[in-house]
Each structure stands twice: as structure tokens, then as C-alpha cells.
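Accompanying notes for the structure given below.
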There are 2 protein chains.
Amino acid sequence: METIHLNENHTPLNDNSHLKEIIRDLGLKITQQRLAILNHVVTGKAHFTAQAAFESLSKTHPEIGFATVYRFLRKLSENGYVTEVRMGGLPARYEWAHKKHHDHLTCTKCQGIVEFENQEIEELQEKIADQFGFVLTDHVLELFGLCPKCQTKEGELPVPKNRFSSHLEPNN
Amino acid sequence: METIHLNENHTPLNDNSHLKEIIRDLGLKITQQRLAILNHVVTGKAHFTAQAAFESLSKTHPEIGFATVYRFLRKLSENGYVTEVRMGGLPARYEWAHKKHHDHLTCTKCQGIVEFENQEIEELQEKIADQFGFVLTDHVLELFGLCPKCQTKEGELPVPKNRFSSHLEPNN
DNA sequence: CCCCAAATGAGAATGACTTTCATTTTTAAC
DNA sequence: GTTAAAAATGAAAGTCATTCTCATTTGGGG
């Protein structure tokens with residue numbers, strides 16, 4: 001059905017068959033751009049912003065526009081292939097959702113992110129939704145605090161330029 | 001110390017003494033604008049957007065600028081007097097934080113918000129932070145789903161103009 | 001191959017804030 | 001009370017992430 005041969009990047013085409021399947025599942029046409037973006041999402045590191053993905057992709061695929069990156073990431077996230085994470089008013093961060101569901105513990109100083117999962121919490125959430133007659137479709141659980149490193153290095157690192165509200169006092 | 005008399009709105013001044021204390025606690029000067037905004041926050045309904053507060057306030061205080069509303073709401077939220085809630089990329093919503101801590105269960109269709117509290121979840125969160133050596137400073141727990149009403153009225157209401165990602169399929 | 005709906009990219013538009021700055025207020029000191 | 005310095009304000013401009021528009025290109029069924 002699908003002959004294996006090399007594309008212009010000397011990458012075996014069948015590397016992409018898995019990615020193609022995903023794009024097909026979304027009911028979209030298979031384009032080089034989407035393959036490149038999807039490949040980046042799957043193989044790159046998690047918690048990237050759309051902007052970062054765009055810049056990174058631009059190096060090898062200068063022809064990809066950021067609109068395409070945003071559009072496709074949205075589609076992927078709408079269909080559960082990637083998870084969109086937002087903290088405060090900061091740009092959305094995305095991650096490939098092939099892993100088991102998990103939540104995030106974020107350091108408000110260095111913005112480091114630790115992933116965790118906790119079945120008990122998941123179950124309690126379901127129970128709560130039930131109590132109010134809701135059908136749960138999604139949830140966001142983000143914990144914020146200071147990571148071990150930032151607890152010691154008090155005030156050494158400058159607070160990242162974006163403000164951080166949420167009960168912290170930035171002016172001390 | 002403070003003589004009770006009427007201000008130009010024929011409202012007893014001591015109505016505001018509580019509000020003034022809050023503003024003082026923030027290290028800010030007491031202005032008519034801040035009193036008006038704070039009064040709105042305390043007595044108005046919860047989960048308002050900055051824009052909504054601005055518009056509502058404009059009726060009685062046409063001189064208040066939206067910059068002032070945003071600035072003051074931010075200050076209040078930084079100091080824990082109000083809680084900032086964000087869902088998806090939608091405008092931040094604020095609520096007076098005089099109540100016990102609670103989280104939100106939001107209907108993705110009608111955007112109705114139910115508040116709940118669950119001590120078990122709170123404790124589990126602390127435990128998780130501990131496990132990673134984090135000092136917890138804050139957290140966000142937002143549950144999303146369909147409220148009982150919206151479960152039955154399938155597709156009757158148009159989806160609010162702002163898209164809703166998160167594993168829902170808007171195009172069906 | 002051909003065609004056309006789907007996809008793309010460049011740039012304009014949007015929308016929620018934030019910042020700037022010239023003017024007005026507050027308030028602490030007389 | 002006056003007053004002056006510091007803080008606050010509002011109008012408007014700026015920012016920034018994201019979305020939209022639209023003219024052009026492209027994938028893929030026929």
C-alpha cells in the first residue's frame with residue numbers, strides 16, 4: 001500500500017506513517033507543514049509555547065507560518081492529542097498527550113515544571129462533579145510554589161519578566 | 001478619630017471605613033475611585049471580568065478609567081483580597097476572597113460556575129508538593145463539564161462566541 | 001493529470017491587558 | 001487651612017498572544 005522510499009530530507013517516509021495516521025484521524029489533509037509540526041510536538045520537549053515551536057521549526061522549515069502552527073496546535077488540542085496548559089496570563093504551553101494524564105507543579109520563580117499524577121484526586125474530582133450533576137469533561141490542576149532550588153537561592157534569580165500575581169508579593 | 005458625617009452621595013462615611021482599612025493595608029492612598037471599585041467588588045456579584053466591573057462602575061462613576069480598574073484589581077489580587085480565575089484564554093474573572101478557599105466547576109456550554117471546597121483534595125495537594133520538596137504557595141483547580149441544564153438542552157444554546165478547546169469538538 | 005476544496009502564509013485585526021505621561025488628588029507637614 | 005511632594009488618575013498608545021482575512025498554493029480523489 002505504502003512504498004517505503006526516501007523523501008527530500010533523506011528520512012525514511014515510514015517514520016511518518018504514525019504521524020500521518022493522526023492527521024488523517026483529525027480529518028485533515030497531510031501536508032509537509034503539519035508533518036513537521038507534529039514531529040516537533042511528538043519528539044521535542046514538552047511544555048513549549050506556540051511561539052517557541054514556531055521559532056524552532058523555522059530553522060528547518062522557514063516556510064511555515066506561525067498561523068499554521070497555532071491553527072494546527074489548536075486542532076490537536078481540541079482532539080486531545082496535545083494538552084494545553086495555561087498559568088496566569090502567560091502564553092499557553094503545549095505538550096504531547098501520549099502519556100497518562102497528569103497535572104503540574106510549577107515553580108513561580110524559575111518556572112520549572114514537575115509533572116505528577118494522583119489517582120485519589122482524580123476520583124475526588126469525579127465525585128464532586130457528580131454531586132452537582134455535572135458531566136466532567138476536563139479539568140485543570142496546577143500547583144504553584146517554590147522548588148527546592150529556588151527556596152535556597154532566595155532572590156538571586158531575577159523574577160521572570162512576566163508578573164506573577166496569585167498571592168505572592170512581587171515588590172519586596 | 002473619625003467623625004461620622006455624610007459625603008456628597010448622602011452615604012454615611014463610616015460605611016467605607018472597612019474598605020478604607022483594606023486600601024490602607026495595601027499601602028495605597030484612599031481615593032474615590034478605589035473606594036468605588038472596592039465597594040463594587042465586595043457587594044457586587046462574583047466572577048466578574050475587569051471589563052464588566054468597569055462598565056458597571058461607569059454608570060455611577062463615569063470618571064473612572066479602565067486602567068484604574070485593572071490596576072486596582074491586580075493589586076487586590078496580588079494581596080489576596082480578590083481571587084483571579086482564568087479559564088482557557090478567556091478574560092480573567094475576579095471574586096472577593098472573603099470566603100473560605102474554594103475551587104470552581106464550570107459549565108463549558110453556558111459558562112455557569114459552581115463553587116465547591118474539598119478538604120481532602122487540599123491535603124493531597126500539600127502532600128504532593130512536599131514529595132517534590134516544593135513550598136506550596138497557591139493552586140488552581142478548575143473542573144470543566146456540562147451542567148445538568150446544558151446536558152438536556154443539547155445544542156440549543158449557541159456555544160458562546162469564544163471557542164472552547166479542551167477535548168471538546170466544537171465543529172460537530 | 002486536473003480540479004477544487006482545503007491549506008497556507010503574510011499581514012492585518014483583535015482583545016485583554018499594561019504602560020506612559022501630562023494632569024489632578026491625596027495627605028503629611030506646616 | 002495652605003501647600004508642596006508624592007501618588008494616583010484617565011486617555012491614549014503600546015504590547016503581546018492569538019485569530020482572522022484573503023490571495024495564492026497544494027493535496028488527493030476522480
Side-chain angles (χ1 to χ4, degrees), chain A residues 1-2 7-8 13 16 19-20 23-24 26-38 48-55 57-58 61-78 82 84-94 160-165 170-171, chain B residues 1-2 7-8 13 16 20 23-24 26-38 48-55 57-58 61-78 84-94 160-165 170-171:
Chain A
M1 296 223 158
E2 217 168 1
N7 64 17
E8 67 279 82
L13 247 193
N16 291 332
L19 305 183
K20 287 183 178 175
I23 298 174
R24 253 182 239 112
L26 297 171
L28 302 174
K29 289 185 176 174
I30 290 155
T31 64
Q32 288 310 307
Q33 290 89 323
R34 299 216 251 241
L35 283 172
I37 296 169
L38 191 46
F48 59 88
T49 62
Q51 189 60 36
F54 167 66
E55 283 167 18
L57 282 162
S58 286
H61 304 258
E63 74 284 2
I64 297 182
F66 61 88
T68 304
V69 176
Y70 274 99
R71 269 187 295 237
F72 191 45
L73 280 178
R74 171 155 37 138
K75 203 79 179 180
L76 285 169
S77 122
E78 283 170 359
V82 307
E84 197 190 72
V85 178
R86 287 170 188 272
M87 47 184 297
L90 274 56
R93 288 176 177 274
Y94 298 89
K161 79 170 175 200
N162 280 303
R163 87 197 155 78
F164 248 104
S165 52
N171 306 318
Chain B
M1 290 225 156
E2 219 167 2
N7 65 16
E8 68 277 83
L13 249 191
N16 291 333
K20 286 184 178 174
I23 298 174
R24 255 183 238 113
L26 295 172
L28 301 174
K29 290 185 175 173
I30 288 153
T31 64
Q32 288 310 307
Q33 291 86 325
R34 298 214 251 241
L35 283 172
I37 295 169
L38 191 47
F48 58 89
T49 62
Q51 189 59 36
F54 167 66
E55 282 166 18
L57 282 162
S58 286
H61 303 259
E63 74 284 3
I64 297 182
F66 62 87
T68 304
V69 176
Y70 274 100
R71 268 187 295 238
F72 191 44
L73 280 178
R74 175 163 24 147
K75 201 81 178 178
L76 285 169
S77 123
E78 282 170 358
E84 198 190 71
V85 178
R86 287 170 188 272
M87 47 183 298
L90 274 55
R93 288 175 177 274
Y94 299 89
K161 79 169 176 200
N162 279 303
R163 88 199 153 80
F164 248 104
S165 52
N171 307 317

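Just so you know, these numbers use all the heavy atoms, side chains as well, and skip hydrogens, waters and symmetry mates. In the text below, chain A, chain B and the rest are named by the order of the sequence lines, each starting its count at 1.
- When rounded to the nearest whole Å, the span between CD1 of B:I64 and C1' of D:dA12 equals 18 Å.
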Quiz item: With the sugar-phosphate defined as primed atoms, P, OP1 and OP2, and the base as all remaining atoms, what B/S/- string results for nucleotides 21-30 of chain D, 5' to 3', for protein heavy atoms under 4.0 Å?
Solution: B-----BS--
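- For A:L90 and C:dC17, the CG to C1' distance is 13 Å, given to the nearest whole Å.
- In this structure, B:A92 reaches the sugar-phosphate backbone alone: every heavy-atom distance under 4.0 Å involves primed, P, OP1 or OP2 atoms, never a base.
- The phosphate of D:dC20 (OP1 or OP2) has a side-chain N or O of A:R74 nearer than 4.0 angstrom.
- B:Q51 comes within 4.0 angstrom of no nucleic acid atom, judged by non-hydrogen atoms across all strands.
- For the pair A:R34 and A:I23, the tightest heavy-atom approach, listed with the atom from each and the gap, is CB-CD1, 3.8 Å.
- In this structure, the CZ atom of A:F66 is 9 Å from the C1' atom of D:dT18, given to the nearest Å.
- If you take NZ on A:K20 and CG on A:L35, they are separated by 6.5 Å, rounding to the nearest 0.5 Å.
- B:T49 OG1 to B:L90 CG: the interatomic distance, rounded to the nearest 0.5 Å, is 10.0 Å.
- By the side chain to side chain contact (heavy atoms under 4.5 Å, CB included) test, B:A50 is found to be paired with B:Y70, B:L73, B:Y94, residues two or more places apart in sequence or in another chain being considered.
- Residues passing the side chain to side chain donor-acceptor pair (under 3.5 Å) test with B:E55 are B:Q51, sequence neighbours excluded.
- Distance CD (B:E84) to P (C:dA16): 14 Å, rounded to an integer number of Å.
- Checking D:dT18, C:dC17, C:dG9 against every side-chain atom of B:Y70, the shortest atom distance belongs to C:dC17.
- Rounded to the nearest 0.5 angstrom, B:I37 CD1 and B:I64 CD1 are separated by 5.0 Å.
- We find that CG of A:L26 is positioned 15 Å from P of C:dA6, with the value rounded to whole Å.
- B:S58 meets the side chain to side chain contact (heavy atoms under 4.5 Å, CB included) test with B:F54; sequence neighbours excluded.
- Atom NZ in A:K75 sits about 11 Å away from atom P in C:dA6, given to the nearest Å.
- Looking at the side chain of B:T68, the nearest of the listed nucleotides C:dA7, D:dT19, D:dG10 is D:dG10.
- The nearest whole Å value for the distance from the CD1 atom in A:I23 to the P atom in C:dA6 is 17 Å.
- Partners of B:A53 under the side chain to side chain contact (heavy atoms under 4.5 Å, CB included) rule, at least two apart in sequence or in another chain, are B:H40, B:F48, B:V69.
- Taking 4.0 angstrom as the limit, B:R86 places a side-chain polar atom (N or O) nearer than this to OP1 or OP2 of C:dC17.
- Atoms CG and CG, on A:L76 and A:L38 in that order, are 6.0 Å from each other to the nearest 0.5 Å.
- The interatomic distance linking A:F48 (CZ) with D:dT18 (P) rounds to 12 Å, in whole Å.
- Across its full length, the helix from C:dC1-D:dG30 to C:dC30-D:dG1 shows an angle of 30° between the axes of its 5 terminal pairs at either end, rounded to 10 degrees.
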